[in-house]
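Only heavy atoms go into these numbers, but all of them, side chains included; no hydrogens, no water, no symmetry mates. Quick caveat: nothing in here was measured; it's all calculated off a predicted structure. Each chain gets a letter, A, B and so on, in the order its sequence line appears, and its residues count up from 1.
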Amino acid sequence: MLYAKVVLGIPVEGPFDYMVPDTLYKKLKVGVRAWVPFRNRRMLGYVVGITRKTNIKNLKTIGEIIDEAPILDKNMLSLTKELSGYYCCSWGEAIETALPQALRKGRLIKLNTLNLKAASGKSAGLGEVFLIHALDENEGWDRYIQAIKDTLESNKSVIVLLPDINSVLKAQEIIKARVKANLGILYREQPRELEEWVRIKEGRADVIIATRSGIFAPVNNLGLIIIDEEQNDVYKQEQVPHYNCREVAFMRVRIEKAKLILGSAQPSLESFYLARKNKIKYIFIPRTRAFPEIKIADTHYLYRGPKQKNAILTKYLEDSIISTLNSKGKILLFLNRKGFATFASCRYCGMVLECPRCNINLVYYFKDSILKCHYCNFKMQPPTICPNCNSGYIRYAGLGTEKIESELSRLFPQAIIKRLDNSKHLDINAADIFISATSIIKETQYSFDLIGVLIIDNSLNRIDFRAAEKAFGLLIGLLRLTDKKIVIQTRLLKHHCFNSLVDKDVSIFYTEELKQRKQLGFPPYKHLAIVKLRTKKEERAKEASNMLFNKLKKYKTKDINIVSVNPGQPSKLRGNFYWQILIKSDNPRKISRFLKIHLKDFSHSGIIVTVDIDPV
DNA sequence: AACTTACTAGCA
DNA sequence: GCTAGTAAGTTC
């Protein structure tokens with residue numbers, strides 16, 4: 001008698017053994033999907049092993065075997081297994097994140113694997129990893145193209161990952177123009193997702209260009225993975241399992257003996273640290289264009305004096321704008337914020353308008369005359385009377401791009417000023433001064449004559465150990481948009497973010513930031529994990545998370561530090577209350593193993609517990 | 001995750 | 001004794 005070991009896409013470890021009638025022996029292979037009876041349901045499972053003996057009594061018989069050829073090969077099984085051990089999910093859940101939706105639902109496919117290129121003998125990369133730190137986008141691409149060509153030459157395939165669909169399409173154009181290859185394009189929500197997946201599985205594409213989930217592209221003889229903008233946090237999945245593409249790429253190139261290239265103008269501290277430690281190879285490509293002049297403008301005195309109450313420009317930046325305008329130059333003013341005002345409040349009773357479903361202030365959009373929640377996208381008409389005290393004095397305060405637009409038109413009536421929201425393409429002739437939030441950084445190729453960073457301190461002052469890294473990333477992004485001059489307004493004059501830019505040496509930032517992370521015991525020196533608890537009732541969330549916190553503390557080992565229990569951020573989201581427990585360790589796999597054991601017997605009705613390893 | 005069973009508190 | 005609510009256990 002043969003038994004199939006089957007895993008399921010639910011948070012239960014498994015695998016579960018099933019009897020296989022001899023009529024199905026021929027169809028039974030590791031890596032195929034099968035329908036199995038489970039409790040009193042019929043579920044889709046994945047055969048991860050075949051065995052002749054089992055210790056389980058009262059076995060059930062496997063239902064239907066769906067696939068003729070395995071949809072998961074040995075490498076993909078190893079990868080998903082490893083992923084489940086790192087990110088604290090079941091093997092089945094890991095498999096399901098690696099597959100297109102249609103396959104998870106049991107859709108039938110026909111695989112024609114006859115034409116598969118035999119895996120060539122020599123392995124291209126041996127698990128080597130490179131960090132290409134290129135301040136100049138094009139230089140980075142030259143390296144990518146060369147590596148792709150080399151890999152194709154040795155008869156191996158390539159996966160190129162980009163943060164978003166736009167970048168995928170751009171990369172497709174670049175690669176199509178410079179490399180002769182069969183391209184495969186993969187991203188979730190692509191209408192042809194399954195079709196493309198099958199094409200790749202059949203070996204009919206050798207350069208796969210994709211977003212995050214493309215890390216699981218079913219290529220047969222992988223030689224190279226490229227992750228562009230490796231620091232970008234979209235590579236981290238927001239749903240469970242919260243895997244990070246970069247980490248999965250490390251696993252995959254080790255398993256398949258391929259090469260990995262991480263590319264960025266602003267590498268993550270994690271990758272930079274590995275490079276410093278010589279764990280991965282580091283290639284720094286300095287900027288070939290002129291490095292802009294960088295000026296720090298002190299905003300300490302900005303708000304002094306009754307007439308300057310609402311001033312948003314330092315004298316220095318104002319003068320720079322005037323002289324740039326005089327020489328017919330183009331100006332970009334940047335701030336990390338959207339909307340007209342950051343919040344709306346009642347002048348009479350002081351109540352701040354909040355989202356009814358989240359613990360977050362609503363943001364006022366002047367042009368559309370609407371109040372919006374940035375978290376859950378709740379929208380409402382601005383009330384004319386205060387919902388709390390019925391007075392008619394709702395006031396809008398704080399600075400957003402819309403507010404700045406109106407301020408600037410007052411200051412520079414002769415200039416044409418344009419505010420860029422999430423608009424597609426920037427028409428440089430449309431204005432003299434452009435005002436924008438973060439969206440600009442990706443969108444334009446244009447080089448401005450002056451960039452004014454109006455507000456960056458809010459990004460630096462956030463209670464997030466990655467605040468400086470993110471702010472620095474923004475500034476490096478802006479650097480791409482000028483060769484001439486950047487004026488940064490700040491109160492934090494001595495911050496290493498700015499020192500690094502003023503001295504035109506990005507390593508200053510990394511050295512100082514690493515030093516601080518080390519002192520505080522944060523990544524990349526330690527791994528973090530967050531256990532999140534979610535429920536409709538505020539009190540229960542608090543109670544249950546405290547109980548869990550104490551329980552985890554009781555069982556903790558010396559390698560695992562159960563740090564704190566706190567309300568989530570935000571503490572209320574879409575009508576649910578959040579609490580979270582923070583854990584630190586040198587080894588994320590140990591956290592995962594620890595939590596798998598101790599979360600299993602923690603059940604409180606109505607409370608949903610999730611785990612995020614290496615949160616971003 | 002989904003479902004079953006066990007236990008507890010409140011109530012006529 | 002009954003029910004509702006929740007805690008705890010199980011799934012091949």
Student: Starting at NZ of A/Lys600 and ending at C1' of C/dG9, how long is that distance when rounded to a whole Å?
Tutor: 11 Å
Student: Less than 4.0 Å between a side-chain N and a carboxylate O, is that true for A/Lys110 and A/Glu202?
Tutor: no
Student: Could you grab the distance from atom CD1 of A/Ile95 to atom CG of A/Leu8, nearest 0.5 Å is fine?
Tutor: 9.5 Å
Student: So if I take every side-chain heavy atom of A/Ile10 and compare against C/dT6, B/dA1, C/dC12, which nucleotide ends up nearest?
Tutor: B/dA1
Student: Round to the nearest Å and state the distance from A/Phe602 atom CZ to C/dT6 atom P.
Tutor: 14 Å
Student: Output the rounded distance in Å from CG (A/Leu8) to C1' (B/dC3).
Tutor: 15 Å
Student: Output the rounded distance in Å from NZ (A/Lys57) to P (C/dT11).
Tutor: 13 Å
Student: Atom CG of A/Asp601 and atom P of B/dT5: how far apart are they, to the nearest Å?
Tutor: 21 Å
Student: Please determine if a side-chain N or O atom of A/Arg540 lies less than 4.0 Å away from the OP1 or OP2 oxygen of C/dG5.
Tutor: no
Student: Distance check needed: B/dA1 C1' versus A/Ile607 CD1, whole Å only.
Tutor: 17 Å
Student: To the nearest angstrom, how far is A/Glu93 atom CD from B/dA2 atom C1'?
Tutor: 14 Å
Student: Looking only at the aromatic ring of each residue, does the gap between the centers of A/Tyr273 and A/Tyr525 stay below 6.0 angstrom?
Tutor: yes
Student: Expected output is a numbered-order residue list: members of residues 36-46 of chain A with a heavy atom under 4.0 Å from any atom of DNA chain B. What is it?
Tutor: A/Arg39, A/Asn40, A/Arg41
Student: For residues A/Leu520 and A/Lys584, report the shortest heavy-atom separation together with the two atoms involved.
Tutor: O-NZ, 3.3 Å
Student: So which of A/Trp579, A/Phe577, A/Tyr578 actually passes side chain to side chain contact (heavy atoms under 4.5 Å, CB included) with A/Arg534?
Tutor: A/Tyr578
Student: Looking across every strand, which nucleic acid part, if any, lies under 4.0 Å from A/Ile56 by heavy atom: base, sugar-phosphate, or nothing?
Tutor: base
Student: Are the aromatic ring centres of A/Phe250 and A/Tyr86 under 6.0 angstrom apart?
Tutor: no
Student: Can we call the ring centroids of A/His598 and A/Phe594 under 6.0 Å apart?
Tutor: yes
Student: Give the rounded distance in Å between these two atoms: CG of A/Asn58 and P of C/dT11.
Tutor: 9 Å
